[in-house]
Number of protein chains: 2
Amino acid sequence: MRSASDLTARARIRDAALARFGTDGIAGTSVRAVAADAGVSPALVMHHFGSKDELRQACDDYVLDSIRNGGEAATEALGEILRAATPVRRYLARALLDDTPAAGALFAEIVERTEAWLAAGEDEGWVRASADAKARAVTYVSWLLAPLVLGNQVGRLLGGDPAETATAVRGARAGLEMLTHGLFADDRWLTAFTDIEKRTRP
Amino acid sequence: MRSASDLTARARIRDAALARFGTDGIAGTSVRAVAADAGVSPALVMHHFGSKDELRQACDDYVLDSIRNGGEAATEALGEILRAATPVRRYLARALLDDTPAAGALFAEIVERTEAWLAAGEDEGWVRASADAKARAVTYVSWLLAPLVLGNQVGRLLGGDPAETATAVRGARAGLEMLTHGLFADDRWLTAFTDIEKRTRP
DNA sequence: CAGAACACTAAACGTTTGTTCAGCTCGTGT
DNA sequence: ACACGAGCTGAACAAACGTTTAGTGTTCTG
């Protein structure tokens, strides 16, 4: 258990920035606010990171490392993300929406791994075949990330703290149900969708 | 087909704000930028809306109306969202992440409608039973909203403009496949999840 | 022990921010 | 013809912004 004071000032600033950026957004966070949270002067932030944008990049790198080195074999992307610390999650959500280079790279990486994972599952027979493996992987990852990005909304409706484990588990279980047994009992929506597709592109 | 010039200045300001807020975020958008996009002076923005925050509220209200009055019977939430104009979509994504009151209300509303819709489908036999109807509805709506919020990432990987219809359709189809036939062919993940749940909460 | 290197700050820089204010230009009702 | 309110602007405001500068200690190093 580490307390705030036995971290180096540089790390304290990075942590404060991560939390602030995550909750208030990058544009909505001032260097002064980060400095105040870290208990240092605004000038020290510049001394260590050069500029606000470089501070943001440092956060990007930190989050990338946290997630990449979080899971051992990284077989399942779900676990990695859910296990990551809360400020990191919130920051990641912001970064994905703000379309940070690092976040884009991470998203692409997760999709790639997931696609391989799904392909392996397909070979081994526990994943169904797909007409568009890439699109499926992208959509699947989007779905995994959705409760993370929409955490506040989901949490409020499912009761309790959005970051609370119990709430996340409840949603995850509902999702897993849909993914194994399906949501719809027949093909009506799928065929309806195909019809629309044909009509639009004959 | 309406051109930018035959709208009232008030509407032009609102549209410009919607677009800017959507792409740059609310904190990242200045009143001056909005005014410049709308071809008016910053002072006129204040004249019409009073403050930046009231301008944001006006955007909230507009998006709410756009979506609420968009679908006729609103049987399926999916169509409404996908059919909404692109700036509105992007703004909605931002608002959901920034946790605007209006966005929260809208999310809750969509979930409520979806839950009723799924319950009706369950009665009619084309939706499978669920252990946790509320959690399923919340998760389902999150999944619908995911490509919207993560549009940039999804679009980049699926090729082409994120807002492009073809790209969105490709992801939507992959999602629909998973929802009707399921993704996993057996219960291994679901039972694994249940095991973890039991071990955590005995 | 001198001195370079480092961590750190107070104060100020110029810019941009949201907002205000006085005043301009109209079309409309009297 | 006159006044009036609505639409609209340029200039200015104080506050907050990211960043710079000059300088203070403190700690390694030769």
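The model shown is predicted, which means the values in this text are computed figures rather than measured ones.
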Grab the N/O contacts between the protein and nucleotides 18-20 of chain C below 3.5 Å, and write none if there aren't any.
unit_1	atom_1	unit_2	atom_2	d
dG18(C)	OP1	T29(B)	O	3.4
dG18(C)	OP1	K52(B)	NZ	2.9
dG18(C)	OP2	V31(B)	N	2.9
dG18(C)	N7	R32(B)	NH1	2.7
dG18(C)	O6	R32(B)	NH2	2.9
dT19(C)	OP2	K52(B)	N	2.7

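Computed from coordinates, the R20(B) CZ to dT17(C) P distance equals 10 Å when rounded to whole Å. dC26(C) atom C1' lies 13 Å from atom NE2 of H47(B), rounded to whole Å.
Remark: A174(B) pairs with A135(A), R136(A), T139(A) by the side-chain contact (heavy atoms from CB on, under 4.5 Å) rule, at least two apart or across chains. Partners of S51(B) under the side-chain contact (heavy atoms from CB on, under 4.5 Å) rule, at least two apart in sequence or in another chain, are M46(B), D53(B), E54(B).
Side chain of R170(B) to backbone of L158(B): a donor-acceptor contact under 3.5 angstrom is found.
At least one side-chain heavy atom of F107(A) sits less than 4.5 Å from a side-chain heavy atom of L145(A).
When DNA chain D is scanned in the 5' to 3' direction for atoms under 4.0 Å from non-hydrogen atoms of chain B, the outermost contacting nucleotides are dG7(D) to dA12(D).
Counting only N and O atoms by type, the side chains of T194(A) and R173(B) include a donor and acceptor under 3.5 Å apart.
Pairs of residues two or more places apart, or lying in two chains, that qualify as salt bridge (Lys or Arg N to Asp or Glu O under 4.0 Å) and include a residue from residues 95-108 of chain B are R94(A)-D98(B), R156(A)-D99(B). Pairs passing the side-chain hydrogen bond (donor to acceptor under 3.5 Å, both in side chains) check and including a residue from residues 29-48 of chain B, sequence neighbours excluded, read R20(B)-D37(B).
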- [ ] With side chain to side chain contact (heavy atoms under 4.5 Å, CB included) as the test, would you mind laying out the steps for V138(A) and E115(A) before giving the verdict?
- [x] CA-CA 8 Å; V138(A) 170; E115(A) 196 178 347; over 6 Å; no
